[in-house]
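For reference, the structure is listed below as structure tokens.
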Protein chains: 2
Amino acid sequence: MVRTKTRDEIIAVAAELFSRAGFKGTSLHDIAAGVGCSKATLLYHFDSKEAILAALIAPAAAELAELDTRLAVLGGAARQEAAIDGFVDLVLRYSREAGIIYYGSQDVLCSPPFAEVKPLIDNLCAAFAAGATDPADQIAAEVVLAGISSVAIGKPDDAVLRSALVAVAKRALLTPPMKD
Amino acid sequence: MVRTKTRDEIIAVAAELFSRAGFKGTSLHDIAAGVGCSKATLLYHFDSKEAILAALIAPAAAELAELDTRLAVLGGAARQEAAIDGFVDLVLRYSREAGIIYYGSQDVLCSPPFAEVKPLIDNLCAAFAAGATDPADQIAAEVVLAGISSVAIGKPDDAVLRSALVAVAKRALLTPPMKD
DNA sequence: GTCTATAACTAGATAGAC
DNA sequence: GTCTATCTAGTTATAGAC
């Protein structure tokens, strides 16, 4: 993976456009115009439009895999808390990439490197549910995971947002103490 | 608005395809193949591809507007509860349409009839927040609204899912009783 | 490493026969 | 009301000059 100024700028512009208009809704012409180069230059640096997508997703996917590894050695409540904190942190630092992954339609998401992301999200959802057997608790985990992703998308990292996301996750997921 | 068998079938097939591959990711050819007719037939029944989208979204948008009207005369906790119940009901009965609206990229969502949907969603979010002034509570409302939409999308209406969505919304939004 | 020009293809939409 | 054939414009990707 060679690093050049133009290559990095292509990734930056593509990330911005993909997150606003979607992968299918963004053409090579749009990206080239944003960078200030020709379409041919894009395809000199990347094999294809999909290769641009793969390259810009890669760092976020790698960190998600890291989080997955960290969670694997934990269990129960500690795993749940680490999953919440870790995911909120990740989605705020990669809010554009999260949007691209999250809003990507099925056919785009079935292509690499998304294929490897899917099981990591499933693991994360299981960690959010903290081994609950009640279907309602598993659905709650899905709601929180999806809701956090959706709200964080496109927003800059921010302390208030970060703590609010963690707070609502814990309020929604921590089993309520019987009655009140 | 004339009702014909072919017209309705076009809407049904388009709804299915748009929800799986997105508006941009679905071609007239795809829809025609699904219906078993030609592209020209699609454009005999509808002025354009976008007109198909508008027609299939219309019933869901109309019901959302109805919900908005019902909520307008309520206040406080009653409004919040009615918003949660009403939205969960709506999104489960129109789970495909919800996906199309929810996952639609910006440029698609800026076109009619989506322009009128956006403020209704904002009102709904305010009802979820129940007039809370704390930014964290408003963010919680966004998370719950987005999470419910996302989880319901594409799923059949189901009593377990319905009650679980309502339950997680109430757990996440009802302000916790001081400490525990 | 970047460009212009263009190939090869697909899109949405139209014309006109039946 | 549905079709085949076609138009125009836009798409990804390649060729070859600089």
Side-chain angles (χ1 to χ4, degrees), chain A residues 1-57 100 103-114, chain B residues 1-57 100 103-114:
Chain A
M1 166 113 56
V2 188
R3 302 249 114 208
T4 72
K5 189 161 151 288
T6 304
R7 191 191 150 94
D8 290 346
E9 203 184 345
I10 290 169
I11 288 180
V13 170
E16 175 63 26
L17 294 177
F18 288 165
S19 71
R20 288 201 293 113
F23 179 72
K24 289 246 169 74
T26 302
S27 70
L28 292 181
H29 173 266
D30 297 332
I31 301 170
V35 172
C37 70
S38 71
K39 290 185 286 178
T41 298
L42 302 181
L43 295 168
Y44 168 79
H45 289 281
F46 298 92
D47 286 345
S48 66
K49 184 186 175 187
E50 195 171 61
I52 299 176
L53 177 65
L56 79 87
I57 287 299
I100 297 167
Y103 289 133
S105 44
Q106 303 306 89
D107 49 349
V108 176
L109 296 187
C110 287
S111 63
F114 292 111
Chain B
M1 166 113 56
V2 188
R3 303 248 113 209
T4 72
K5 189 161 150 289
T6 305
R7 193 191 149 92
D8 290 346
E9 202 183 348
I10 290 169
I11 289 180
V13 170
E16 175 62 26
L17 294 177
F18 287 167
S19 71
R20 289 201 292 115
F23 179 73
K24 290 248 170 69
T26 302
S27 71
L28 293 180
H29 173 267
D30 297 333
I31 301 170
V35 173
C37 70
S38 70
K39 288 189 288 178
T41 297
L42 301 181
L43 295 168
Y44 167 80
H45 289 281
F46 299 92
D47 287 343
S48 66
K49 184 186 175 187
E50 194 171 63
I52 300 176
L53 177 65
L56 78 88
I57 287 298
I100 296 167
Y103 290 133
S105 46
Q106 305 305 90
D107 50 347
V108 176
L109 297 187
C110 287
S111 64
F114 293 110

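Note that the coordinates shown come from a computational prediction; the quantities given were computed from them, not determined experimentally. Basis for what follows: all heavy atoms, side chains included, without hydrogens, waters or symmetry-related copies. Note on naming: letters A, B, ... go to the chains in the order of the sequence lines (proteins, then strands), and numbering restarts at 1 for each one.
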For Ser27(B), does its backbone N or O pair with a side-chain atom of Asp30(B) as donor and acceptor, under 3.5 Å?
yes

Does Tyr44(B) put a side-chain nitrogen or oxygen below 4.0 Å from OP1 or OP2 of dG1(D)?
yes

Within a strict 4.5 Å, meaning less than it, do heavy atoms of the Arg20(A) and Ser105(B) side chains meet?
no

Between dG1(D) (P) and Leu42(B) (CG): distance, integer Å:
15 Å

Sidechain-backbone polar pair: Thr26(B) side chain, Gly22(B) backbone, donor-acceptor under 3.5 Å:
yes

Report the distance from atom CD1 of Ile10(A) to atom CG of Leu43(A), rounding to the nearest 0.5 Å.
8.5 Å

Under 4.0 Å between a side-chain N or O of Thr6(A) and OP1 or OP2 of dT2(C)?
yes

Is the backbone N or O of Phe23(B) less than 3.5 Å from a side-chain atom of Lys49(B), with the two atoms forming a donor-acceptor pair by type?
yes

Tabulate protein N/O versus nucleotide N/O from nucleotides 12-18 of chain D, keeping only pairs under 3.5 Å, one per line.
unit_1: dT12(D); atom_1: OP1; unit_2: Lys49(A); atom_2: NZ; d: 3.1
unit_1: dT12(D); atom_1: OP2; unit_2: Leu28(A); atom_2: N; d: 2.9
unit_1: dA13(D); atom_1: OP2; unit_2: Lys49(A); atom_2: N; d: 2.9

Residue-phosphate contact under 4.0 Å: Ser38(A) side-chain N/O, dT2(C) OP1/OP2
no

If I take atom NE2 in residue His45(A) and atom C1' in nucleotide dC3(C), what distance separates them, rounded to the nearest angstrom?
12 Å

Can you tell me the distance, in whole Å, between the CD1 atom of Ile10(A) and the C1' atom of dG1(C)?
11 Å

Crowded around Asp107(B) CG? As in, over 12 foreign heavy atoms under 6.0 Å?
yes

